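Since the structure comes first, as structure tokens, the remarks are kept for the end.
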Amino acid sequence: MRGRRNMRAPLISGDGPLARVRPIAVFVVVIGIFAAGVLVGGVLGAALLGVLVVGVGVLLATTWSVLSVNERLLRVLVLGILVAVAIAQLR
């Protein structure tokens, strides 16, 4: 079993742009965009959630090779739920 992740550690190892972003900052931004997308609703809300879908998809594709099977399944599930919520905003 893995220990708790250090919240000061980089999101992705290396020296790319994501390696310099603090995970807590990403968490706050993602929660803010998600909340705005759900609260605004309609096409604008779906567009905000669509931005999150694209971001999560890119991050998932980038980290796919280093994730375990369980981590992959969980992230794909989260991505699917996010897509479903975005589609529901259009109704």
Side-chain angles (χ1 to χ4, degrees):
M1 177 180 229
R2 293 182 180 175
R4 290 180 58 180
R5 187 180 189 293
N6 181 357
M7 291 304 290
R8 293 180 188 250
L11 285 174
I12 297 176
S13 61
D15 55 356
L18 285 179
R20 294 183 289 263
V21 178
R22 291 189 57 184
I24 192 71
V26 173
F27 178 76
V28 169
V29 169
V30 167
I31 291 297
I33 294 172
F34 180 79
V38 170
L39 293 174
V40 169
V43 175
L44 181 57
L48 288 170
L49 293 172
V51 168
L52 283 182
V53 166
V54 169
V56 169
V58 167
L59 190 57
L60 179 61
T62 303
T63 60
W64 188 264
S65 63
V66 297
L67 297 174
S68 69
V69 174
N70 289 338
E71 290 170 329
R72 289 176 182 173
L73 288 174
L74 181 62
R75 283 166 175 80
V76 169
L77 178 65
V78 168
L79 185 61
I81 291 170
L82 190 54
V83 168
V85 171
I87 291 170
Q89 291 297 79
L90 293 173
R91 295 180 184 233

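Computed from a prediction, not measured in an experiment: that's the story for all the values here.
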Shortest non-hydrogen contact from Arg75 toward Leu67: CD-CD1, 3.6 Å

Rounded distance [0.5 Å steps], CG in Leu77 versus CG in Leu82: 11.0 Å

Please table the atom pairs, donor to acceptor, closer than 3.5 Å between any side-chain atom in residues 24-52 and protein atoms at least two apart or in another chain.
none

With Val53, the side-chain contact (heavy atoms from CB on, under 4.5 Å) member among Val83, Val85, Val58: Val83

same_hphob_cluster(Ile81, Val56) at 4.5 Å side-chain heavy-atom cutoff: yes

